[in-house]
Participant: 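Encoded as structure tokens, here's the structure I'll be asking about.
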2 protein chains.
Amino acid sequence: MWRLRETPRRGPKPTLALDDIVRAAIEIADEDKDLAAVSMARVAERVGNSTMALYRHVKSKDELLVLMSDAALERPEPLPADVDWRTGLTIWAGAVLTAVRKHRWYAKLPISGPPAGPNNLAWFDSALGALSGTGLPEEAKVGIVMGLMTYVQGEIRMGLDLAAGFADNPDIFRQYGATLARVIDPRQLPALARVLDAGVFDDVGNFEQNSDQDFDFGLQLYLDGVAAFIERVS
Amino acid sequence: MWRLRETPRRGPKPTLALDDIVRAAIEIADEDKDLAAVSMARVAERVGNSTMALYRHVKSKDELLVLMSDAALERPEPLPADVDWRTGLTIWAGAVLTAVRKHRWYAKLPISGPPAGPNNLAWFDSALGALSGTGLPEEAKVGIVMGLMTYVQGEIRMGLDLAAGFADNPDIFRQYGATLARVIDPRQLPALARVLDAGVFDDVGNFEQNSDQDFDFGLQLYLDGVAAFIERVS
DNA sequence: TCCTCACTGCGTATCTCATACGCTAAATAG
DNA sequence: CTATTTAGCGTATGAGATACGCAGTGAGGA
């Protein structure tokens, strides 16, 4: 991942590069829109080598998945320099979603550890940079950005997968409200029954749009909190 | 999931109940602390039936996983009736984490769709109930709770998995800051370099505690935003 | 110049899994 | 009493990850 491998002196030149493997794996997942389509055999076929040759570059399939998770995020666009922190973070959050939405399988990746790949760290840096004008202590910046990442990560996991589900079978979502109404006992779940009565789930037709609106609503609430925090501290 | 099956008249009595299957699967995952340990064969063995017998009760392993994801969340404790919305939601979020932490594999589950199982809905209702005294329109309550769920979901995905990784190999985390410092170019990632300089990542020793603090910090920011919103609307 | 050995690619084999198919036996409706 | 529905299961298949060891390569050292 960090290309730390000291150049080996002896032996045949590798005909295969790690980057090619990872790229091939990503292409397969993209084409099939399915992480399960990525098998070692298929990746090997795509790069034109045997299955076992891959294991000279990757310890296991899990390691390949980790590499994919970093490589799938391209480098972030630099944020415009002249915007305030709030605009910056809003743009940032949108950019993350845009980047991840190019790879629907992203949400299905098992999580590995703290943000560690070069691309992940670049995004981390980008978000921190948006806060550089605030004069907050570094620790507070990290806390704010971690919270934001947590929220975005949740959206990736829930929203992205829901969108995939919706694309597969929109009817289930259209009937969501009606189905719930049939199943729910208003005495046991009164608050939810009230929501259903108010018809909040009746219009789930334009799903993507709704999802984006919900995301933005929550995001702005969070940023309101951040604004109040900055006010309080300074 | 909803026990909608109309009682069948003919045929031998089932010796096996869906609940037992799901419970067995959860126990296996708990004992091995590993979702991958759940194989159809192993579940079958545990309930004392053959592998294929399970398929009379679940259509596929994926369906079993969905059932596990609902069953693993027990019913929420009812929130104390006399607390304000903010305390209620704080308790709620902590309770979700506590419930999920009993099953570390939870974060690894593939996501299936909108909250649909009975237990999931009960949690949904519980959070909505915390907002019932605010007089907000139902739609706003849903938006607020969805945002909160998104944040909590993100914490489950990131925090829970990190905690598992930390338990496996604390040293990697202890060296996190030092490792980053070695790998990062301050000219390319200046904001991150500044954070490292400030030593924010130097003391990751007490990981669980840190993680909880970060979660709470972000949560309170979000709730500050909600408070401002309620103020603005009423 | 030639030998050595670290290193790459790969063929084969093994082991684990999910699951399709079809048979048998149970129990109830008519 | 018989037809029909349904539960459990044995067998088989096919996919997939990966351990193991062989064979060829080519730079460093003699």
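Protein chains get the first letters and strands the later ones, always in sequence-line order, with residue 1 at the start of each.
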Participant: Check the orientation of B:Phe124 and A:Phe201. Use parallel for under 30°, tilted for 30 to 60°, and perpendicular for over 60°.
Facilitator: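 If you compare the ring of B:Phe124 with that of A:Phe201, the planes turn out tilted.
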Participant: What is the separation between atom CG on B:Asp20 and atom C1' on D:dA7, rounded to the nearest whole Å?
Facilitator: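 It is 15 Å, rounded to the nearest whole Å.
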Participant: Measure NZ/B:Lys13 against C1'/C:dT28 and give the value in whole Å, please.
Facilitator: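 Nearest whole value for this atom pair: 10 Å.
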Participant: Within the structure, does a side-chain N or O atom of A:His57 lie under 4.0 Å from either OP1 or OP2 of C:dG9?
Facilitator: yes
Participant: Who are the salt bridge (Lys or Arg N to Asp or Glu O under 4.0 Å) partners of A:Lys108, not counting sequence neighbours?
Facilitator: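 Scan of A:Lys108 (salt bridge (Lys or Arg N to Asp or Glu O under 4.0 Å), adjacent residues dropped) gives A:Asp161.
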Participant: Considering only side-chain heavy atoms of B:Ser50, which listed nucleotide, D:dA7, D:dG10, C:dG9, is closest?
Facilitator: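 Minimum distance to the B:Ser50 side chain belongs to D:dG10.
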Participant: Does a salt bridge link A:Asp212 with A:Arg101, judged by any charged N lying under 4.0 Å from a carboxylate O?
Facilitator: yes
Participant: What integer distance in Å separates A:Glu45:CD from C:dG9:C1'?
Facilitator: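 Taking atom C1' of C:dG9 as the reference, CD of A:Glu45 is at 17 Å.
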Participant: Measuring from the side chain of B:Arg10 (C-beta onward, heavy atoms only), which nucleotide among C:dT28, C:dG9, D:dG8 has the closest atom?
Facilitator: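 Comparing C:dT28, C:dG9, D:dG8 against the side chain of B:Arg10, the answer is C:dT28.
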Participant: Between B:Trp105 and B:Asp32, is any side-chain donor less than 3.5 angstrom from a side-chain acceptor?
Facilitator: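 Absent: no donor and acceptor within the cut-off.
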Participant: From the options A:Phe217, A:Tyr222, A:Phe215, select the one residue that forms a ring-ring contact (aromatic ring centres under 6.0 Å, His included) with A:Tyr151.
Facilitator: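 That would be A:Phe215.
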Participant: Output one line per pair: protein atom, nucleotide atom from nucleotides 15-19 of chain C, and distance, for all N/O pairs under 3.5 Å.
Facilitator:
| from | atom 1 | to | atom 2 | distance (Å) |
| --- | --- | --- | --- | --- |
| C:dA18 | OP1 | B:Lys61 | NZ | 2.5 |
| C:dA18 | OP2 | B:Met40 | N | 2.8 |
| C:dT19 | OP2 | B:Tyr55 | OH | 3.0 |
| C:dT19 | OP2 | B:Lys61 | N | 3.0 |

Participant: Given C:dC7, C:dG9, D:dT6, which nucleotide is nearest the side-chain atoms of B:Pro12?
Facilitator: D:dT6
Participant: I'd like to check the salt bridge (Lys or Arg N to Asp or Glu O under 4.0 Å) partners of A:Lys102; sequence neighbours left out, ordered by chain and number.
Facilitator: A:Glu74
Participant: Nearest whole angstrom, please: distance from the C1' of D:dA23 to the CZ of A:Arg56.
Facilitator: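 From A:Arg56 CZ to D:dA23 C1': 12 Å.
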